[in-house]
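Just below is one structure, and these are the notes that go with it.
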Amino acid sequence: MSNQCDYCFKNCSNKLKLCSKCLKCGYCSKECQKFAWQSHKFLCSSSVEILNVKTNDSRNSSNSMKGLFARKSFQVGDIILKEKPLMAVPYADMEHIDQQIETSFNQLSQASKKAVYDLCDTTLSIRTKNNIDSTTITQTQITPNLFQIEDNNNDVDQDIIDDNINPNIKTLRGILKSNSIPQGNASSVVIEGKHELVLPTACLYSLSCRANHSCNNNAIFTWRNDLQKELLIAMRNIQKGDEITVSYDGVCGERDYRRQRLQDNFNFDCNCILCVNNDQKIEEGLELIANLKYQINFTQSGMDTKAANDDNDNDNDIDKSREECEDEDELAKKMRTDLCISMGEKALATAIEINMNTPMHLQHLHETLALLYYKTGMEEQAIKQYQQFTLFKDICYGNSV
Ligand SMILES: [Zn+2]
Ligand SMILES: [Zn+2]
Ligand SMILES: [Zn+2]
C-alpha cells in the first residue's frame with residue numbers, strides 16, 4: 001500500500017490515517033482528512049469509484065487516465081449517480097466566457113475549488129504541443145494557491161502539491177472545456193426579432209465528470225430540473241467492476257467520422273471497444289442508422305415547415321391551378337412519408353440487430369415512427385410505437401428516484 005496522502009499527495013513516513021468508513025483512503029493528518037471529506041463523502045459510500053483505466057494504448061500509458069467504475073451491478077434504467085453541480089457556469093458568449101467562469105469559480109468554497117482543480121485539463125497537451133508559452137495564455141490560470149488550504153494546515157508543503165498534481169498550469173476554461181456537462185438541452189430564444197441559440201449552463205461535478213467516452217457507452221446523463229441534479233443512468237446492464245462510459249456528443253456514424261469528430265471537439269483518439277475492433281457489420285449498421293436518422297429528420301422538418309405554411313395561407317381564394325398544385329403536393333408528401341416509414345423501420349431493425357446504444361436510438365426511432373404512422377392515418381401502429389417510445393423515455397429519465 002502506498003504511503004501517499006490522498007489529499008495533499010505528500011509521501012508520509014508515518015502510518016496513514018484511513019477513512020474509518022471505507023478504509024480505502026489514507027491521509028497524512030487529521031486536517032487533510034477533514035478537507036478531503038468535503039469531496040470524499042460523495043465517493044465514500046457511492047456505488048461508483050474512480051480508478052485508473054487499463055489501457056493497451058501506448059500513447060496513453062504514460063499518463064494514468066482515470067475513469068468511473070461500478071462498485072455494484074446495475075440494470076438498464078437504474079440510476080448510477082445523482083449529483084449536484086460542483087460549479088455552474090451560465091451560458092456566455094466567447095467575449096465574456098472567461099469572466100463568467102471566474103465569477104462562478106470565485107463563489108465556491110475552498111473544498112469545491114480544490115475539487116474543480118482536481119479535474120483534468122485536456123487542452124494542456126495541445127498547448128504544450130503548440131509550444132504556447134504559458135504567460136501568453138489569457139485564460140484564468142488555476143494553481144493550488146487559488147484554493148490554498150487554511151492556515152491550520154500550513155504543514156503542507158505547497159511546492160510538493162504543485163509537483164505532484166501537475167507540473168503544467170491548468171486553466172479554468174481548459175478544465176471546463178474538458179469536463180463540463182450541459183444542464184439539459186440548448187434552447188432557442190428570440191432576441192430583437194432574431195432567433196438565437198442559447199446553450200445550457202455548463203456544470204462540473206466531482207464524480208460524473210470522471211466518466212469517459214465510449215462509442216459503445218453503457219450510460220447517459222439526464223439533467224433533472226425537479227431534483228436540480230444530474231443523473232447518470234444505466235443504458236445497458238452493467239456488472240460490478242465495469243467501467244461506466246457515456247457518449248460525449250452522441251456520436252453516431254462510421255468509425256473514421258466518429259473518431260475525427262472526437263479528436264476535433266475533445267482532443268483524444270477514441271480507443272473504445274468499437275473503435276478498436278472495427279467490426280465491419282457493426283460499422284455499416286451505425287452508418288446506416290446515422291444516415292437514416294439524418295434523412296428522416298431532414299424530410300420530416302421539410303414536411304412540418306410545409307404544413308405550417310399551409311395553415312397560414314387560408315386568407316386567399318384558392319384558384320384552380322393552386323388546387324392542382326396541392327394535389328401534387330399531397331402525392332409528394334405521401335411518397336416522402338412512405339419513404340420515411342420504410343427507412344425508419346429499417347433503422348429500427350438495424351438498431352436492434354447490432355444492439356448499439358440501444359435505448360437512445362430506439363427512443364428516437366420509435367418516436368419518429370409513431371409520428372409518421374399517425375400522419376398517414378395508421379393509428380394502431382402509431383399507438384404501438386408511441387407506447388414503445390414512452391417506455392424508453394421513462395428509462396432515460398431514470399428508474400425509482
Ligand atoms: Zn495530507
Ligand atoms: Zn471513505
Ligand atoms: Zn470509439
Side-chain angles (χ1 to χ4, degrees), residues 1-51 53 55-57 59-60 65 67 71 110-111 114 118 144 147-150 152-165 206-207 211-219 243 245-279 282-283 285-287 290 354 356-357 360:
M1 198 176 162
S2 115
N3 259 346
Q4 205 177 42
C5 170
D6 278 310
Y7 186 70
C8 68
F9 302 112
K10 198 159 80 170
N11 274 314
C12 188
S13 48
N14 301 324
K15 217 169 157 243
L16 295 174
K17 293 167 180 58
L18 289 182
C19 167
S20 56
K21 257 180 118 179
C22 66
L23 303 174
K24 279 192 170 166
C25 292
Y27 306 100
C28 68
S29 63
K30 269 243 152 345
E31 283 75 22
C32 276
Q33 181 161 22
K34 199 181 106 195
F35 286 112
W37 182 246
Q38 311 266 358
S39 53
H40 177 64
K41 63 184 173 194
F42 300 110
L43 197 60
C44 189
S45 53
S46 173
S47 47
V48 294
E49 58 190 329
I50 298 167
L51 297 172
V53 175
T55 172
N56 299 321
D57 178 24
R59 283 163 299 187
N60 278 342
M65 197 171 80
R71 266 188 187 157
Q110 295 300 96
K114 163 90 167 79
D118 284 347
F147 54 81
Q148 213 151 23
I149 31 197
E150 278 84 347
N152 58 359
N153 198 32
N154 54 12
D155 59 315
V156 177
D157 185 343
Q158 202 61 43
D159 291 341
I160 291 175
I161 296 182
D162 277 333
D163 287 342
N164 281 287
I165 295 178
S206 356
L207 292 179
N212 291 314
H213 166 89
S214 166
C215 302
N216 195 32
N217 58 308
N218 54 19
E243 184 178 1
T245 54
V246 294
S247 173
Y248 279 5
D249 63 352
V251 269
C252 198
E254 56 84 35
R255 184 175 178 272
D256 291 346
Y257 170 79
R258 281 197 317 263
R259 297 184 93 236
Q260 188 60 53
R261 213 168 125 167
L262 290 164
Q263 181 56 255
D264 292 348
N265 294 336
F266 301 95
N267 186 40
F268 71 94
D269 288 321
C270 188
N271 288 304
C272 75
I273 184 124
L274 278 189
C275 288
V276 168
N277 287 355
N278 199 9
D279 180 309
I282 291 179
E283 291 305 328
L286 289 176
E287 176 71 353
I354 66 171
M356 172 59 199
N357 291 351
M360 287 307 284

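Atoms within each ligand, like the ligands themselves, are counted from 1 in listed order.
- Put simply, the angle at the Zn ion (ligand 3) from SG in C272 to SG in C270 is close to 110°, to the nearest 10°.
- Expressed to the nearest 10°, the angle at the Zn ion (ligand 1) joining SG in C32 with SG in C8 is 110°.
- Look at C275 and the Zn ion (ligand 3): an N/O/S atom of the residue is under 2.8 Å from the metal.
- Classification of E287 and R255 as a salt-bridged pair fails, no side-chain N sitting under 4.0 Å from a carboxylate O.
- Angle SG (C44) to the Zn ion (ligand 2) to SG (C22): 110°, rounded to 10°.
- Distances from the Zn ion (ligand 1) show that C28 has an N/O/S atom below 2.8 Å.
- Ion pairing of E31 with K17 is absent here, as no side-chain N (NZ or NE/NH1/NH2) approaches a carboxylate O to less than 4.0 Å.
- Remark: the backbone N or O of G26 is paired with a side-chain donor or acceptor of D6 at under 3.5 angstrom.
- Residue C19 counts as close to the Zn ion (ligand 2), with an N, O or S atom under 2.8 Å.
- A ring-centre distance under 6.0 Å is found for Y248 and F266.
- Looking at heavy atoms from C-beta onward, E283 lies out of side-chain contact with D256 at the 4.5 angstrom threshold.
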